[in-house]
Amino acid sequence: MAENGRTKILVVDDEPDNVELLTAYLSYDYDIIPAYSGREALKVLEDSKEDLPDLVLMDIMLKDGMDGVEAADHIHTNYDIPLVYITAYADESIMQRAKLTEPFGYILKPFEESELRTNIEIALYKHEMENKLKESQKWLTAILNNTGDAMIATDQTGYVKFMNPFAEALTGWKQDEILGKPLKDIFYVESEDTGNPVDDPVEKVIHEGAFYGLASQTLLVTKNNAKIPVDIIGSPIKSENDKLIGVLITFSDISERKKIENLIYKERM
C-alpha cells in the first residue's frame, strides 16, 4: 500500500490505450503503476521490494517474448501479491496454464468499470482472508508442535492429517511418512492384560464422542515393535455448524508413572 494509504495496482498490458483506459477507470481510488510488458512488470516488482503493489492486473496475451501467464507464474512463485487476469479470449491450453498460477480472478474484455472495480475488491478481500487463515494455521501448528503431549489429527474417515513431533518420537513414524494414510496402519494399541487390539480410537470418537482411555492398561506398539504404556484421549474436531470433520488423538508415555506405581505396590506387599 502506498504511503498515502491508497491501494497500489500494477497494470500490465502491451497496448498503451488499454493501460490509459484502466488508469482512467481506477486512478481516482487507486495508485496505478503501468507496465507495458511482462519483463517490465517483473523489473517494477524487483525495484519495489520494500513497497510492492497490492494487486496486479495482467493481460494474458502479452507480446515481447513473455506472455502474461509466464509473467504471472514468476509473480506467483516469488511474491505474495494477488493477480487478476484481463483477457479478450484465450485458448484452452493458455487457460490451463493460467490456472496453475492461481489467479484471484478473470476479467473478460470488453468490461464495465463497475465490473473491474468489483473484481479488484473481491481479489483484495480474498487475499486478505487467505493471509489471515495462513496466520491462524501457523499459530495452531506452533501450539500443537510445542505442547507437551503427542498428538495425531485425522479427517472424519480416519486418514492422518497432522502429527506433532512428540507423536513422531513416541510412534517412531515421521509425519511425511504417514500423511494421508489410515491411522490404524500406524497407530496400533493393544491391551496389556490380553495382548488384543483395543477399540479403534477414530470409531470410538465417532460413535461415543470424546473418550478418556481405550482400556485400563494400554500399550502403544511403535514402528519398531517396542511397546510403550500410554494414556490416550480422543476428541472430535467439529466445524462451526457442529459437523464432525476430524478426530484428535492425544497420548502420553506413562512409563515412569507405571514404574512408580509398581514400586509402591511392591512396598505394600
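Please read all numbers here as calculations on a predicted model, not as lab measurements.
- Residues Lys174 and Met163 share a closest heavy-atom pair of C-SD, 4.3 Å.
- Heavy atoms only, all atoms of each residue included: Leu244 and Pro236 are closest at CD1-CB, 3.6 Å.
- For the atom pair CG (Asp29) and CD (Glu121), the distance works out to 8.0 Å, reported to the nearest 0.5 Å.
- Residues Ile254 and Phe166 do not share a hydrophobic cluster, defined by chaining ILVMFWY side chains whose heavy atoms lie under 4.5 Å apart.
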| task | Let me see the working for Thr154 and Tyr159 under side chain to side chain contact (heavy atoms under 4.5 Å, CB included), right down to the final yes or no. | result | CA-CA 5 Å; Thr154 76; Tyr159 286 79; 5.8 Å; no
| query | Could you walk me through whether Asn224 and Thr222 pass the side-chain hydrogen bond (donor to acceptor under 3.5 Å, both in side chains) check? | reply | CA-CA 5 Å; Asn224 297 320; Thr222 71; 5.2 Å; no
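- The shortest heavy-atom contact between Asp253 and Leu170 is CB-CD2, 3.8 Å.
- Remark: Lys204 does not engage Asp200 in a salt bridge, criterion side-chain N to carboxylate O under 4.0 Å.
- Between Val69 and Tyr85, the shortest heavy-atom distance links the atoms CA-OH, 3.7 Å.
- Taking 4.5 Å as the limit, every side-chain heavy atom of Thr171 sits out of range of all side-chain heavy atoms of Ile186.
- Of the charged side-chain nitrogens involved, at least one lies within less than 4.0 Å of a carboxylate oxygen, so that Asp67 and Arg97 count as a salt-bridged pair.
- Note: the hydrophobic cluster containing Ile178 also contains Ile152 (ILVMFWY, side chain heavy atoms under 4.5 Å, direct or indirect links).
- Side-chain atoms of Asn164 come within 3.5 Å of backbone N or O of Asp149 as a donor-acceptor pair.
- Two residues are said to be in side-chain contact when any heavy atoms from C-beta on lie closer than 4.5 Å; Asn131 and His127 meet this criterion.
- At most 12 non-hydrogen atoms from other residues, nucleotides or ligands lie less than 6.0 angstrom from NZ of Lys132.
- Remark: Asp185 does not engage Lys181 in a salt bridge, criterion side-chain N to carboxylate O under 4.0 Å.
- Leu219 and Tyr188 are not part of a single hydrophobic cluster, where members link through side-chain heavy atoms under 4.5 Å apart.
- Ser48 contributes no side-chain N or O that, together with a main-chain N or O of Leu52, makes up a donor-acceptor pair within less than 3.5 Å.
- Between Leu55 and Ala123, the shortest heavy-atom distance links the atoms CD1-CB, 3.7 Å.
- Note on Ile107: it does not cluster hydrophobically with Met61, by side-chain heavy-atom contacts below 4.5 Å among ILVMFWY residues.
- The OG1 atom of Thr250 sits 11.5 Å away from atom CG of Asp231, with the distance rounded to the nearest 0.5 Å.
- For the atom pair CG (Asp73) and CD (Glu102), the distance works out to 10.0 Å, reported to the nearest 0.5 Å.
- With contacts defined as side-chain heavy-atom distances shorter than 4.5 Å, the pair Thr7/Leu124 qualifies.
- Interatomic distance, OG1 of Thr101 versus CD1 of Ile75, reported as 9.0 Å (0.5 Å rounding).
- A salt bridge (charged side-chain N to carboxylate O under 4.0 Å, His left out) with Lys63 holds for exactly one of Glu70, Glu40, Glu15; it is Glu15.
- A donor-acceptor distance shorter than 3.5 angstrom exists from the side chain of His207 to the backbone of Glu203, with no hydrogens or angles considered.
- Atom CE of residue Met58 and atom CG of residue Asp13 lie 10.0 Å apart, to the nearest 0.5 angstrom.
- The shortest side-chain heavy-atom distance between Val160 and Gln175 does not fall under the 4.5 Å cut-off.
- Side-chain atoms of Asp155 come within 3.5 Å of backbone atoms of Thr157 as a donor-acceptor pair (strictly under, hydrogens ignored).
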| query | Between Ile228 and Val221, does a side chain to side chain contact (heavy atoms under 4.5 Å, CB included) hold up when you go through it step by step? | reply | CA-CA 7 Å; Ile228 302 172; Val221 182; over 6 Å; no
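- Residue-environment remark: CD (Gln96) exceeds the threshold of 12 foreign heavy atoms within 6.0 Å.
- With contacts defined as side-chain heavy-atom distances shorter than 4.5 Å, the pair Ile86/Val12 does not qualify.
- Arg117 and Glu113 are joined by a salt bridge, as a carboxylate oxygen and a charged side-chain nitrogen come within less than 4.0 angstrom of each other.
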| request: Using the side chain to side chain contact (heavy atoms under 4.5 Å, CB included) rule, take Phe251 and Phe187 through it: C-alpha gap first, then chi angles, then the decisive distance, then the call. | output: CA-CA 11 Å; Phe251 53 105; Phe187 189 75; 3.7 Å; yes
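- Judged by distance alone, the side chain of Thr218 and the main-chain N or O of Val230 form a donor-acceptor pair under 3.5 Å.
- From Glu168, atom CD reaches atom NZ of Lys223 across 10.5 Å, with rounding to the nearest 0.5 Å.
- For Lys227 and Glu190, the salt-bridge test passes: some basic side-chain N is under 4.0 Å from an acidic carboxylate O.
- Within the 4.5 Å cutoff, the side chain of Tyr36 has heavy atoms near those of the Val19 side chain.
- Annotation for Ala71 and Gly38: closest pair CB-CA, 3.9 Å, computed over non-hydrogen atoms.
- Side-chain atoms of Lys243 and Lys238, non-hydrogen and from C-beta on, never get closer than 4.5 Å to each other.
- Taking the side chain as every heavy atom from C-beta outward, Pro53 and Tyr79 never approach each other to under 4.5 Å.
- Remark: the backbone N or O of Ser27 is paired with a side-chain donor or acceptor of Arg6 at under 3.5 angstrom.
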| message | Please determine whether side chain to side chain contact (heavy atoms under 4.5 Å, CB included) holds for the pair Val84 and Val56, giving the CA-CA distance in whole Å, both sets of side-chain angles, and the decisive distance to 0.1 Å. | response | CA-CA 6 Å; Val84 175; Val56 177; over 6 Å; no
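- Tracing side-chain contacts under 4.5 Å through hydrophobic residues (I, L, V, M, F, W, Y), one never reaches Tyr30 starting from Leu10; they form parts of separate clusters.
- The pair Lys126-Glu130 fails the salt-bridge criterion, with no side-chain N (NZ, NE, NH1 or NH2) lying under 4.0 Å from an Asp/Glu carboxylate O.
- Under a 4.0 Å N-O distance rule, the pair Asp54/Lys8 does not qualify as a salt bridge.
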